[in-house]
Amino acid sequence: MNKTSWLSFSVAACAISISCAVPSSVSAQSESPATSNLQPRTENGRQIYDAAQFSRFNPRTALDIVRQVPGFIIDTGDDEARGLGQADENVLINGARIAGKNNDAFTVLGRITATNVVRVEIVDGATLSISGLSGQVLNLVTSSDDTAGITGNFKWRPQWRRSGENWFAGEASISGKLGKGDFTIAIENDAFRNGAQGPERITDGLGNLLFERDEVGRVRGDRPSINASYSRTSEAGSVFNITGEYGLNHFRQRVDTLRTQAGEPDIFELFTGREREWNAEFSADYEFALGGGRLKLIGLQRLEHSPTEDFFSRTFTDGVTPPLISAFNRTVDEGESVLRAEYGWKTAGGTDWGLSLEGAYNFLESEAELSGGNLDNSNTKVEEKRAEFITTYGRPLSGNLTLQAALGGEYSEISQGDQRRSFVRPKGSVALAWKPAADFDLSFKLSREVDQLDFFDFIASVEVSNDVVDAGNPDLVPPQKWRAELEATKQLGSFGSATVTLFGEKISDIVDTVPITDTTEARGNLDSADRYGLEVVSTLLLDPLGWRGAKIDIEAEAVRSSVRDPLTGRKRRIGQDDRYSYEITLRHDIPGSDWAWGAGIENFDDVGNIRLDQIADFDVLDPYSWIFIEHKNVFGLTVNANLGNLFNRRERFVRTAFGQLDGAGAFTRGRRDGPIGFVEDRTRKFGLIYRLTISGSF
């Protein structure tokens, strides 16, 4: 389950993606049980689904097909992975990794027309000659029809809610032949219009009411982008890919607040935030035969320019007190350059060998300005130079047991101003794939990993609305961890499929909030932490129970973690880590018709942001639920109507600040092992959400 999807949940509910489809070569009305069932066949240890088996969904894109594969969830891997590294995304296209970093599986699959899909293969990653893969991996096999001409897909996703209308979300792509190669051009705007409103109570450490706020928050974002890619395979089998993307990220946030207190004049508060980012990425790779193996050369360049403006004002209505104004403006430039070489060969005995060498350069440069004074360590540049070498070995140990091993390490040098430090870190993994029966797969992986540092933790920053300062820490080192993962997949016959994953992590040098001085704090390294959990992914097909065309998809995760608090010395959960999450969806494609309907429910909970002087905890008080109805052929288009937030989800934010509050209302910050100064407790609602998705192909 992709963790990032939960953490990015904002003041609105999560966006719910519903598969939309177009009439395919086998229409929904003429489908037969032989072509519309979701039972895979087994070939050479792989679970195979032919494209025709998904005809009842009338898919338009490969993504629409993959989303309906029983028991499979797309995992895009670690979005903050160091460089290009080993493969960790569980989707392959024609046996190859997806090129680039911005081109994740959701993006690439959404640009492949469904009519070009031949079949879907589910295989244990450890049995492939691709270093880093383990567990269930999906390989999408596409056709290479030179006479297909130009094909394309489009999707428009307007949305209406109490806080505003969103007419500008959607994407479109075209693909075809260009010379002896294939091209794709895509445009997209991942736009959103979110908002919520509600009351907030501020109490002292004894629970006495100090004052109240009535808040209205609005968040707007537009993220338009254009992407172009070209690929070509020569007659000799050499493969060339090139991809370029340019995008904007324009973000606006506004919170209007009326602050009231018995016996005192009202106070108006305003917070606004703005970002006007542009980003660009260019990548290319070339693979060809060399000696007894194949050599692949990869290059990537990514740049980002992000100016942000945060403003907070407090206007008093007593006619005497002057307004209080605070602003923090910052411009950040980021970049990443990667060169990578991979060489692999297979011996006569069936052993796979591989060597990879990667060099990378990352930087972040910040220029910041704080109203009313300077902020130390906010105008700075952080750089990292890194080299990695990995050798891999893989072979079948028996007819149903396969071993894959990787061993190597990395050298990195981090510099900020006059400070320069270097590190040597071992890396590697051992994976076993065992298939004791045709319908049962078991895989185990033990890995030693090095995580990417967030360069924003090196520089000072301010939250002007809460008067919170992060000092920035130039002494950070990359976290490392041992990770063990056991995954079991069982085919349930005509009832579907289920996958259960157990994982555990032993982390050293974990990044958390640490004291810098007696009064300041920043992100820093703690000695160790533990994290373990359970994940379940399952699809239950209801045809055997007599409900033809219906299925239930289940995705759930529970996580525990432990770290020793640097202030109290006691064990606690890792800050901002997951506790649990789940999503359950029902979809019924009515046999003999173009109609489908369904419903879903989801929820999550995570640990609050634990600082040394405060704890900020965001919770959702109710599950998010939705219903939808879909027609797959409205003048050749698919139309899906979705009504969300049926349980009227509320969002609660509680901030407990520690320190001393005097009789005049002045607050002196303290530490979490001292008295509570005040507690902010707010609840916001955002009402029903109406979504319409209209998609088509040509």
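Because only heavy atoms are used, hydrogens play no part in the values below, and waters and symmetry mates are left out as well, while side chains stay in. Quick note: residue numbers are just sequence positions, from 1.
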A.B. asks: Cation-pi check for F192 against R220: NZ or CZ below 6.0 Å from the six-membered ring centre and within 45 degrees of the axis, yes or no?
C.D. replies: no
A.B. asks: Please say which of I93, V117, D64 ends up in a side-chain contact (heavy atoms from CB on, under 4.5 Å) with L109.
C.D. replies: I93
A.B. asks: Salt bridge check, D622 against R650: does any charged N sit closer than 4.0 Å to a carboxylate O?
C.D. replies: yes
A.B. asks: Strictly below 4.0 Å, N to O, side chains only: are R579 and D605 in salt-bridge contact?
C.D. replies: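 Looking at D605 together with R579, the answer is yes, because their closest N to O distance falls below 4.0 Å.
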A.B. asks: Would the distance check show the side chain of T539 and the main-chain N or O of G71 forming a donor-acceptor pair, the cut-off being under 3.5 Å?
C.D. replies: yes
A.B. asks: Quick one: does any side-chain atom of N189 pair with a main-chain N or O of F168 as donor and acceptor, under 3.5 Å?
C.D. replies: yes
A.B. asks: Any salt bridge linking R684 with E215? Criterion: basic side-chain nitrogen under 4.0 Å from a carboxylate oxygen.
C.D. replies: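 Salt bridge flag = yes for E215 with R684.
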A.B. asks: Are the charged groups of R587 and E630 less than 4.0 angstrom apart, N to O?
C.D. replies: yes
A.B. asks: Decide, yes or no, whether a salt bridge links D182 with R232 under the criterion of side-chain N to carboxylate O below 4.0 Å.
C.D. replies: no
A.B. asks: Does any N or O in the side chain of Q53 come within less than 3.5 Å of the main-chain N or O of D50, such that one atom is a donor and the other an acceptor?
C.D. replies: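 Looks like yes, one N/O pair under 3.5 Å.
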A.B. asks: Give a yes or no on whether a salt bridge exists between E485 and K445, defined as a side-chain N under 4.0 angstrom from a carboxylate O.
C.D. replies: no
A.B. asks: When rounded to the nearest 0.5 angstrom, what distance separates OG1 in T42 from CG in D439?
C.D. replies: 8.0 Å
A.B. asks: For the side chain of E188 and the backbone of A172, is there at least one donor-acceptor N/O pair under 3.5 Å apart?
C.D. replies: no
A.B. asks: Would you kindly say whether D285 and N241 are connected by a side-chain donor-acceptor distance under 3.5 Å?
C.D. replies: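 Yes.
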A.B. asks: Working to the nearest 0.5 Å, report the span between CD of E505 and OG of S561.
C.D. replies: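 Rounded to the nearest 0.5 Å, the CD-OG separation comes out at 10.0 Å.
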A.B. asks: Taking all non-hydrogen atoms of both residues, which atom of Y49 and which atom of L38 are closest, and how far apart?
C.D. replies: CE2-O, 3.4 Å
A.B. asks: Could you tell me which non-hydrogen atom of R157 sits nearest to which non-hydrogen atom of G170, and how far apart they are?
C.D. replies: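 Where R157 meets G170 most closely, the heavy atoms are NH2-N, 3.7 Å.
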A.B. asks: Between R649 and E651, is there a salt bridge with N-O shorter than 4.0 Å?
C.D. replies: no
A.B. asks: Do S625 and N645 pair up side chain to side chain, a donor and an acceptor below 3.5 Å, judged on atom types alone?
C.D. replies: no
A.B. asks: Between E277 and N279, does any side-chain donor sit less than 3.5 Å from a side-chain acceptor?
C.D. replies: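 Their side chains do contain a donor-acceptor pair, which is all the 3.5 Å distance test asks for.
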A.B. asks: So that I can tick it off, tell me whether E275 and R252 are bridged by a salt bridge, with the cut-off set at under 4.0 angstrom between side-chain N and carboxylate O.
C.D. replies: no
A.B. asks: With a 4.0 Å cut-off on N to O distance, would you call K551 and D553 a salt bridge?
C.D. replies: yes
A.B. asks: Any salt bridge linking D124 with K435? Criterion: basic side-chain nitrogen under 4.0 Å from a carboxylate oxygen.
C.D. replies: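 Looking at D124 and K435, the cut-off is not met.
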A.B. asks: Could you walk me through whether N642 and T693 satisfy the side chain to side chain donor-acceptor pair (under 3.5 Å) test, starting with their C-alpha distance in whole Å, then the side-chain angles of each, then the deciding distance to 0.1 Å, before giving a yes or no?
C.D. replies: CA-CA 8 Å; N642 181 299; T693 302; over 6 Å; no
A.B. asks: For the OH atom on Y246, are there more than 12 heavy atoms of other groups (residues, nucleotides or ligands in this structure) within a distance under 6.0 Å?
C.D. replies: yes
A.B. asks: Do you know which two heavy atoms are closest between F440 and A488, and how far apart they sit?
C.D. replies: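 In terms of heavy atoms, the two residues are closest at CE1-CB, 4.1 Å.
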A.B. asks: Can you name the nearest heavy-atom pair linking G644 to W626, along with the distance?
C.D. replies: CA-CB, 3.9 Å
A.B. asks: Donor-acceptor pair, S163 side chain versus G195 backbone, under 3.5 Å?
C.D. replies: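 Looks like yes, one N/O pair under 3.5 Å.
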A.B. asks: Out of curiosity, I185 CD1 to L178 CG, how far, rounded to the nearest 0.5 Å?
C.D. replies: 8.5 Å
A.B. asks: Using 30° and 60° as the class boundaries, would you call the ring planes of W160 and W167 parallel, tilted or perpendicular?
C.D. replies: perpendicular
A.B. asks: Out of curiosity, D619 CG to F604 CZ, how far, rounded to the nearest 0.5 Å?
C.D. replies: 8.0 Å
A.B. asks: Between D589 and R548, is there a side-chain N and carboxylate O pair less than 4.0 Å apart?
C.D. replies: no
A.B. asks: Does a donor on one side chain and an acceptor on the other come within less than 3.5 Å for N194 and R218?
C.D. replies: no
A.B. asks: Taking atom types as modelled, find out whether N153 and T61 have a side-chain donor-acceptor pair closer than 3.5 angstrom.
C.D. replies: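 No donor-acceptor contact under 3.5 Å links the two side chains.
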A.B. asks: Sub-3.5 Å donor-acceptor pair from the side chain of N166 to the main-chain atoms of A191, do we have one?
C.D. replies: yes
A.B. asks: Taking the basic N atoms (NZ, or NE/NH1/NH2) and the acidic carboxylate oxygens, is any pair closer than 4.0 Å for K490 and D441?
C.D. replies: no
A.B. asks: I need the R162 CZ to Y690 OH distance, nearest 0.5 Å.
C.D. replies: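 Reported value, rounded in 0.5 Å steps: 10.0 Å.
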A.B. asks: Under 3.5 Å, is there a donor on one side chain and an acceptor on the other for N227 and E245?
C.D. replies: yes
A.B. asks: For I689, is there any backbone N or O sitting under 3.5 Å from a side-chain donor or acceptor partner on Q159?
C.D. replies: no
A.B. asks: Relative to each other, are the rings of F698 and F154 parallel, tilted or perpendicular (30° and 60° limits)?
C.D. replies: parallel
A.B. asks: Is there side-chain contact between L442 and L486, with at least one heavy-atom pair below 4.5 Å?
C.D. replies: yes
A.B. asks: Could you tell me whether the side chain of S538 and the main chain of S497 form a donor-acceptor pair under 3.5 Å?
C.D. replies: yes
A.B. asks: Could you grab the distance from atom CH2 of W156 to atom CD1 of I694, nearest 0.5 Å is fine?
C.D. replies: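 Here the interatomic distance stands at 5.5 Å.
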A.B. asks: Looking at every heavy atom in both E165 and R193, which two are closest together, and how far apart are they?
C.D. replies: O-CG, 3.3 Å
A.B. asks: Mark yes or no for whether D104, through its side chain, and E89, through its backbone, hold a donor-acceptor pair below 3.5 Å.
C.D. replies: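 Between the backbone of E89 and the side chain of D104 there is no qualifying donor-acceptor contact (under 3.5 Å).
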A.B. asks: With the threshold set at 4.0 Å, does a side-chain nitrogen-carboxylate oxygen contact exist between R119 and E121?
C.D. replies: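 Salt bridge between R119 and E121, a charged N being under 4.0 Å from a carboxylate O: yes.
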A.B. asks: Would you confirm whether S593, through its side chain, and W595, through its main-chain N or O, come within 3.5 Å as a donor-acceptor pair?
C.D. replies: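 Yes, S593 side chain to W595 backbone: donor-acceptor pair under 3.5 Å.
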A.B. asks: Without hydrogens or angle criteria, can the side chains of T499 and T489 be said to hold a donor-acceptor pair below 3.5 Å?
C.D. replies: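 Side-chain D/A pair, T499 to T489: present.
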A.B. asks: Are there over 12 heavy-atom neighbours, none belonging to I187, within less than 6.0 Å of that residue's CD1?
C.D. replies: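 For I187, atom CD1 is not crowded (no more than 12 foreign heavy atoms under 6.0 Å).
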